[in-house]
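A short write-up of the structure that comes next.
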Amino acid sequence: MFSGIDEVDWASMEHAYGPADDVPELLRGLASDDPAEREAALDGMYGAVHHQGDVYACTLACIPFLFELVVDPGVQDRGSVVELLTSIGGFDLDEDDEAEIDEDEIEGAANYAMAAAAVTAGAGVFFELIADEDPGVRLAAPLALATLHRHPVRVLALLRERLPVEPDEEVRLALVEAAGRVALRHRPLAGRAAEWLGRLASRAHSPGLRLAALAQLARCSPDGLPGDVVPVVSGLLREMRSAPEEPTAPGGSAAPEKDAARAGDEPDAGPDPTPDPQPDAEPADPEPVAPAETGRGEHVVTPTLVGQLRSLSAQENAGHGTPWAADLLRTLHVGLDDRVGDRTALLADQLRSPDRRQRIDAVRMSGGLIRAWRGPYEELVALVGDQLADPDPRLSEAASHVLEELFGLAAPAADALAARLAADPGSWVKTWASGPPGLGSTVKALARLGDARAVPALAAALELEQVAHDVGFAVGHLGAAARPLAGALRRRLAEVELDEGAYDRASPLLAGLTGLQAGEAAPEVLRVLRGAPEYRGEWLRTAALRALGSFGPAAHEAVPELRALIRRPGTASATEAAEALFAISGDADAVLPVLVEGLQSDQVHDRRAAATALGALGPRAAVVAPRLRGLLAHEELWLRVDAAVALWEVTGRPQETTEALLAGWERSRHVRVRVAECVARMGPVPEGSAAAHVLRSELASVRRHNAMDGGYGSHDIHEDEKLLELCRRALRGTGKGTTT
């Protein structure tokens with residue numbers, strides 16, 4: 001094995017962490033008899049040679065040796081090497097990607113293309129591995145074939161032929177998943193794959209196999225799903241929960257049911273199957289085979305990234321007979337996509353399950369659904385709230401984290417949140433090994449509802465040696481309900497030492513006083529403003545000025561200080577001071593010159609701040625209308641939008657600003673809340689206008705405007721719900737159908 005490995009000039013190549021001269025040792029480690037050494041080598045391959053999916057010259061040089069490993073039956077854990085090869089060769093670079101490649105990325109793109117070509121060229125070996133004695137290899141081989149082989153018709157035929165004779169249930173599910181992958185990658189085959197998947201889903205196979213078929217059908221051909229998909233899936237989940245434990249082979253997999261033999265066609269004797277059978281031909285019914293006699297072996301915990309991930313997965317799945325069920329349900333939910341009603345009903349059923357693990361999965365998937373899609377979620381949220389009382393901390397904490405993101409949508413769970421808060425004072429504040437403490441998710445969820453039952457927890461947090469960094473934001477959401485906390489906020493702010501750590505200690509307190517508009521705290525805020533240290537002093541002054549501005553006339557004693565600050569026009573602090581001065585004194589004549597100068601700053605951020613402050617002056621700033629009008633053509637989108645909003649506020653004429661606002665709306669989803677705020681303040685939009693069309697289109701969309709694939713923000717749901725309410729407000733009185 002590894003003939004020629006020492007002839008490769010590994011030292012001339014690099015991986016993610018420097019010279020690649022350690023790669024031969026990693027490759028040999030993959031062939032070791034020591035499980036810990038194999039896992040450490042696999043961790044090194046993913047961590048350095050194939051770091052975050054990257055392909056280096058050394059990655060390319062590894063490919064022949066990795067193929068040597070997967071075809072040698074004496075090597076253990078070959079399934080992991082098959083997965084590694086699939087990852088290395090499975091990167092697709094489509095035409096859009098190629099068009100966006102710049103000069104610095106050319107080499108990397110070429111490496112991806114060469115890796116795909118090299119692994120695809122050797123993908124024929126996976127035909128043999130699909131019947132390997134090692135169930136771990138058989139588990140990895142189907143997806144490798146579906147991802148890498150150049151002849152998808154042959155792959156699909158082999159998957160169908162292998163299914164009835166495969167003894168391992170988890171491998172059977174992998175065969176079905178691979179069929180869905182073939183259909184997604186090769187759309188002309190989607191109909192043929194969907195027909196087979198539909199037959200699998202409708203016949204008397206094991207409930208896990210039927211669920212897998214439905215999940216893949218949802219991915220590749222959702223129109224082929226049965227109309228009663230929710231009760232069908234719910235029934236399958238009940239079957240899986242109530243089914244007695246099957247006798248298992250050493251590998252840990254139950255023997256398939258006899259009826260499962262009807263899953264596919266007769267297997268071919270050789271590794272290379274014949275051309276795809278007639279699509280209308282019914283599968284034959286061979287007798288099921290006995291379970292394989294070779295197992296996956298004991299899991300060895302190693303201090304590597306791969307080892308830690310496997311250990312976490314093992315802990316998560318401990319005592320769970322069908323750990324793959326959650327993945328199938330997630331796949332099904334992704335396939336159902338915008339069918340919010342079906343997905344909500346399915347999750348509601350899962351949340352009522354006696355299976356705690358299934359409820360944990362359902363809570364997490366509920367968060368994902370609500371985060372991406374709009375819909376009536378009252379029942380679902382109430383069921384998530386019910387999980388807060390569960391004694392398993394994994395379930396109760398998962399529920400509280402989901403509810404934390406919902407803001408007003410968490411109302412059906414308010415009583416459950418309050419009950420958990422009262423029952424577990426130890427969870428009010430979370431401490432970490434480094435960094436400031438933070439409020440527990442139950443406290444934040446209740447505070448974001450504006451529920452006064454969160455106040456005792458916030459009061460306790462304010463008495464700790466170090467105040468939680470997010471306590472001020474929670475106070476702001478509570479508003480008047482948190483008024484009893486004003487005294488504690490003032491006292492703690494007066495105690496803050498104005499040294500290099502002042503910003504971290506004072507900013508939560510300033511945020512809380514701002515949210516309460518607690519004008520009696522002006523002396524304490526002024527002390528911070530005057531004594532802000534050099535380190536993060538600008539941030540601290542900004543927070544103090546915002547607090548003073550929120551106090552309004554109650555902070556009149558700050559006027560001399562603010563007048564002194566505005567004598568440095570053109571700076572960010574001058575603009576912020578001018579904004580606060582106007583909020584306190586209403587002296588437009590004093591602040592107008594400062595804001596006009598700020599509008600000419602070299603910094604876009606400062607110009608935006610000045611435009612926003614000028615808008616607050618209203619008609620008293622009408623003299624700047626020409627300057628604002630000139631900014632409507634600026635290259636920076638946010639500045640154009642802020643200028644358009646300010647222009648309407650100072651002129652009162654919506655006609656000349658609406659076009660710019662709607663153009664910004666179409667250009668970027670991120671400005672939509674800002675635009676909608678302005679349009680709603682303009683009053684009911686004219687029926688049949690462009691603005692009415694845009695707002696109605698937004699309300700008709702099921703997808704949240706800020707939903708992202710692969711990421712999300714903690715305030716995304718709140719921002720989208722705010723957008724919907726603003727759209728409704730702007731349309732109110734313009735005719736029927738203004739709400740959804």
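No hydrogens, no waters, no symmetry mates; every other heavy atom, side chains included, goes into these values.
Between L498 atom CG and Y503 atom OH the span is 15.0 Å, to the nearest 0.5 Å. Atom CG in D392 sits 5.0 Å away from atom CD1 in I360 (nearest 0.5 Å). In this structure, E378 CD and L380 CG are separated by 10.0 Å, a value rounded to the nearest 0.5 Å. Rounded to the nearest 0.5 angstrom, L637 CG and S668 OG are separated by 5.5 Å.
Proximity of L661 to M682: side-chain heavy atoms (C-beta onward) are separated by under 4.5 Å at one or more points. For the pair Y377/L406, no side-chain contact is recorded, criterion being any heavy-atom separation below 4.5 Å from C-beta on. Side-chain contact check for E463 versus R491: some heavy-atom pair is nearer than 4.5 Å. Contact of the L628 side chain with the T651 side chain is not registered, since no non-hydrogen atoms from C-beta on lie closer than 4.5 Å. Looking at heavy atoms from C-beta onward, L493 lies in side-chain contact with L510 at the 4.5 angstrom threshold. A 4.5 Å side-chain heavy-atom check between S441 and L403 finds every atom pair outside the cut-off. Annotation: side chain of V594 is not in contact with side chain of L581 (no heavy-atom distance under 4.5 Å). Within the 4.5 Å cutoff, no side-chain heavy atoms of L592 are placed close to those of R620.
Between E534 and R541, no side-chain nitrogen of the basic residue sits less than 4.0 Å from a carboxylate oxygen of the acidic one, so the salt-bridge criterion is not met. The residues R492 and E495 are annotated as salt-bridged, a charged nitrogen and a carboxylate oxygen being separated by less than 4.0 angstrom. Salt bridge status for R453 with D415: present, with a side-chain N to carboxylate O gap under 4.0 Å. Using a cutoff of 4.0 Å between basic side-chain nitrogens and carboxylate oxygens, E520 and R490 are not scored as salt-bridged. Salt bridge status for R505 with E497: absent, with no side-chain N to carboxylate O gap under 4.0 Å.
Stacking of R703 on the aromatic ring of W373 is recorded, both the 6.0 Å distance cut-off and the 45° axial limit being met.
Checked options E698, E719, H705, E677; the residue passing with R672 is E698 (criterion: side chain to side chain donor-acceptor pair (under 3.5 Å)). Each of R374, R371, R704 was evaluated against E721; a single residue qualifies, R704, per the salt bridge (charged side-chain N to carboxylate O under 4.0 Å, His left out) test.
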I'd like to know whether T442 forms a side chain to side chain contact (heavy atoms under 4.5 Å, CB included) with D424, so could you lay out the CA-CA distance, the side-chain angles of the two residues, the decisive distance to 0.1 Å, and finally the verdict.
CA-CA 10 Å; T442 309; D424 188 14; over 6 Å; no

For a side chain to side chain contact (heavy atoms under 4.5 Å, CB included) check, start with the C-alpha distance between F473 and K444, then their side-chain angles and the critical distance, and finish with the verdict.
CA-CA 9 Å; F473 300 110; K444 287 191 282 188; over 6 Å; no

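By the 6.0 Å contact criterion, CH2 on W539 is open, its count of non-hydrogen atoms from other residues, nucleotides or ligands being 12 or less. Summarising the local packing, CZ of R667 is surrounded by 12 or fewer heavy atoms from other residues, nucleotides or ligands at distances under 6.0 Å.
In this pair, H715 and H477 present their aromatic rings tilted. The plane angle is within the 30 to 60° band.
Counting only residues at least two apart or in different chains, salt bridge (Lys or Arg N to Asp or Glu O under 4.0 Å) contacts with residues 624-641 comprise R629-E656.
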